[in-house]
Amino acid sequence: MNTWPKWLPYPLSWIRAFGLTYIFTALVWSRFPFQHSDSVVAVLIGAWATVPFLFTFFHWVISSVAKFLLTHLPAYPKLNPVRQYLTDRWSGSERSHWREGLNAFIVSFVAFTISLFVVSYLTPVPSKVDADYARGFYLLRKNLLRLRVELIPIGMFLVSAYLYQYDLWARHRRAVKSVAKTKTPGPGQKKKRSPTGNLPAPDPVEQELNKLKAESGMNQMKTVRREVSSVLDIPEWYVFRSGKSEGPYTKLQLLEIQEITARTKVRRGLTDWRRAAEIPELETYLTEK
């Protein structure tokens with residue numbers, strides 16, 4: 001059971017918010033103090049334009065490292081949770097990298113705008129005209145402007161965390177609505193069964209929600225119903241396609257994702273490549289393409 005408070009963003013949302021706030025603030029402060037010829041708006045636009053590319057690059061680097069670890073992790077049972085998390089969280093396509101960059105742009109723009117409005121409302125600053133006529137107003141204006149500069153990144157960090165959490169929640173809702181349609185068979189359709197025909201097929205809703213939980217940093221996942229014997233179906237199978245190795249996959253993923261045929265080359269762990277038809281335990285996981 002997930003006991004994480006619903007009103008509190010997940011750990012990954014806080015980490016992403018901190019990284020975004022730190023990078024955006026660093027980009028803006030790299031031009032500080034502003035010269036008379038500098039435009040604050042131009043500096044902000046430059047920071048917003050840079051953030052998507054940086055986050056896309058960072059996401060690609062982390063994804064590449066995770067895939068490297070997946071192919072080099074020892075086949076120890078204790079490492080199966082790590083292997084499963086890396087598979088669920090970092091097995092995305094190039095589209096997921098650009099989505100992270102686009103999210104960073106949207107979140108940074110909205111979070112900065114909200115923080116600027118709230119901080120400006122809470123810390124009213126005397127006008128420059130009043131500051132020129134009275135030294136007390138001048139010092140007050142100077143201190144309040146410095147306070148604004150310190151409060152805006154804090155507000156941006158808090159707002160960004162909740163915006164990232166909202167993104168996870170929205171994707172969660174979309175996933176439930178999209179995959180729930182496949183649970184009820186249409187007229188004349190039979191309910192999908194597992195390869196053995198004895199147990200129900202894996203619940204696509206639970207599979208998609210597990211992946212979202214992995215992305216959010218919550219490791220307490222709901223067990224997905226799948227066709228297994230007394231031995232845990234762990235991701236240890238690799239598929240040879242287009243001249244390269246892909247994986248690891250579970251036996252069920254070989255059927256549902258890779259759709260292997262009798263002639264597909266596969267291997268288990270670091271064993272030799274073999275045709276899928278030559279491996280008896282994969283007989284019920286072959287498609288008839």
Side-chain angles (χ1 to χ4, degrees), residues 1-26 48 51-52 54-67 69-70 73 78-115 118 151-180 202-225 235:
M1 182 178 180
N2 183 12
T3 58
W4 191 267
K6 294 183 179 180
W7 56 269
L8 187 65
Y10 289 154
L12 186 62
S13 297
W14 290 110
I15 295 174
R16 294 164 77 186
F18 176 80
L20 176 63
T21 304
Y22 181 84
I23 292 175
F24 182 83
T25 305
W48 282 318
V51 160
L54 288 178
F55 268 70
T56 300
F57 174 73
F58 293 154
H59 193 272
W60 174 81
V61 170
I62 297 175
S63 179
S64 300
V65 172
K67 291 178 180 179
L69 293 176
L70 276 173
L73 276 178
K78 292 183 179 180
L79 295 178
N80 289 339
V82 178
R83 184 180 290 105
Q84 187 64 49
Y85 172 77
L86 293 176
T87 302
D88 291 338
R89 175 63 181 91
W90 300 105
S91 59
S93 61
E94 296 296 329
R95 181 182 177 184
S96 63
H97 306 323
W98 285 107
R99 183 180 62 189
E100 186 69 24
L102 179 61
N103 282 349
F105 170 76
I106 297 175
V107 171
S108 63
F109 180 82
V110 176
F112 178 83
T113 303
I114 294 176
S115 302
V118 174
L151 290 179
I152 288 177
I154 298 176
M156 185 176 178
F157 167 66
L158 295 175
V159 175
S160 297
Y162 280 91
L163 288 176
Y164 274 125
Q165 185 66 19
Y166 175 79
D167 174 65
L168 292 174
W169 176 83
R171 291 168 57 192
H172 177 282
R173 296 288 297 176
R174 289 196 300 267
V176 171
K177 291 181 180 180
S178 61
V179 299
D203 190 341
V205 175
E206 294 173 3
Q207 286 181 316
E208 184 67 18
L209 297 185
N210 279 356
K211 184 173 182 180
L212 288 174
K213 289 179 181 179
E215 293 185 3
S216 63
M218 300 302 294
N219 296 326
Q220 296 180 351
M221 301 182 185
K222 186 177 180 181
T223 303
V224 181
R225 295 193 307 272

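Quick note: residue numbers are just sequence positions, from 1. All of these numbers come straight from a predicted model, not from anything done at the bench.
Rounded to the nearest 0.5 Å, atoms OG1 (Thr113) and CE (Met156) are 9.0 Å apart. A distance of 10.0 Å separates OG of Ser115 from CD1 of Ile154, quoted to the nearest 0.5 Å. Here the CG-OG1 distance, from Leu20 to Thr25, works out to 8.5 Å after rounding to the nearest 0.5 Å. Summarising the geometry, atom CD belonging to Glu100 is positioned 12.5 Å from atom CG belonging to Leu54; distances are rounded to the nearest 0.5 Å.
Qualifying ring pair (Phe, Tyr, Trp, His ring centres under 6.0 Å) partners for Phe112, counting only residues two or more places apart in sequence or in other chains: Phe24, Trp48. Contacts of Phe57 classified as ring pair (Phe, Tyr, Trp, His ring centres under 6.0 Å), with partners at least two apart in sequence or in another chain: none. The side chain to side chain contact (heavy atoms under 4.5 Å, CB included) search around Asp167 returns Arg16, Asn103, Arg171, not counting sequence neighbours. Applying the ring pair (Phe, Tyr, Trp, His ring centres under 6.0 Å) criterion to Tyr166, with sequence neighbours excluded, gives Trp169. Applying the side chain to side chain contact (heavy atoms under 4.5 Å, CB included) rule to Pro52 yields the partners Phe105; only residues at least two apart in sequence or on another chain are considered. Applying the ring pair (Phe, Tyr, Trp, His ring centres under 6.0 Å) rule to Phe157 yields the partners Trp14; only residues at least two apart in sequence or on another chain are considered.
The two atoms that bring Ala104 and Phe55 nearest to each other are CB-CG, 3.6 Å, heavy atoms only. Contact detail for Gly101 and Thr56: the closest heavy-atom pair is CA-OG1, 3.4 Å. Closest approach of Leu168 and Ser13 over heavy atoms only: CD1-OG, 3.7 Å. Contact detail for Ala111 and Leu163: the closest heavy-atom pair is N-CD1, 4.0 Å.
Across Ile114, Val107, Val118, a single residue satisfies side chain to side chain contact (heavy atoms under 4.5 Å, CB included) together with Val159, and that is Ile114.
In terms of modelled atom types and a separation under 3.5 Å, the side chain of Tyr162 and the main chain of Trp7 share a donor-acceptor contact. Using a distance-only test at 3.5 Å, with no hydrogens or angles considered, no donor-acceptor pair links the side chain of Ser63 to the main chain of His59.
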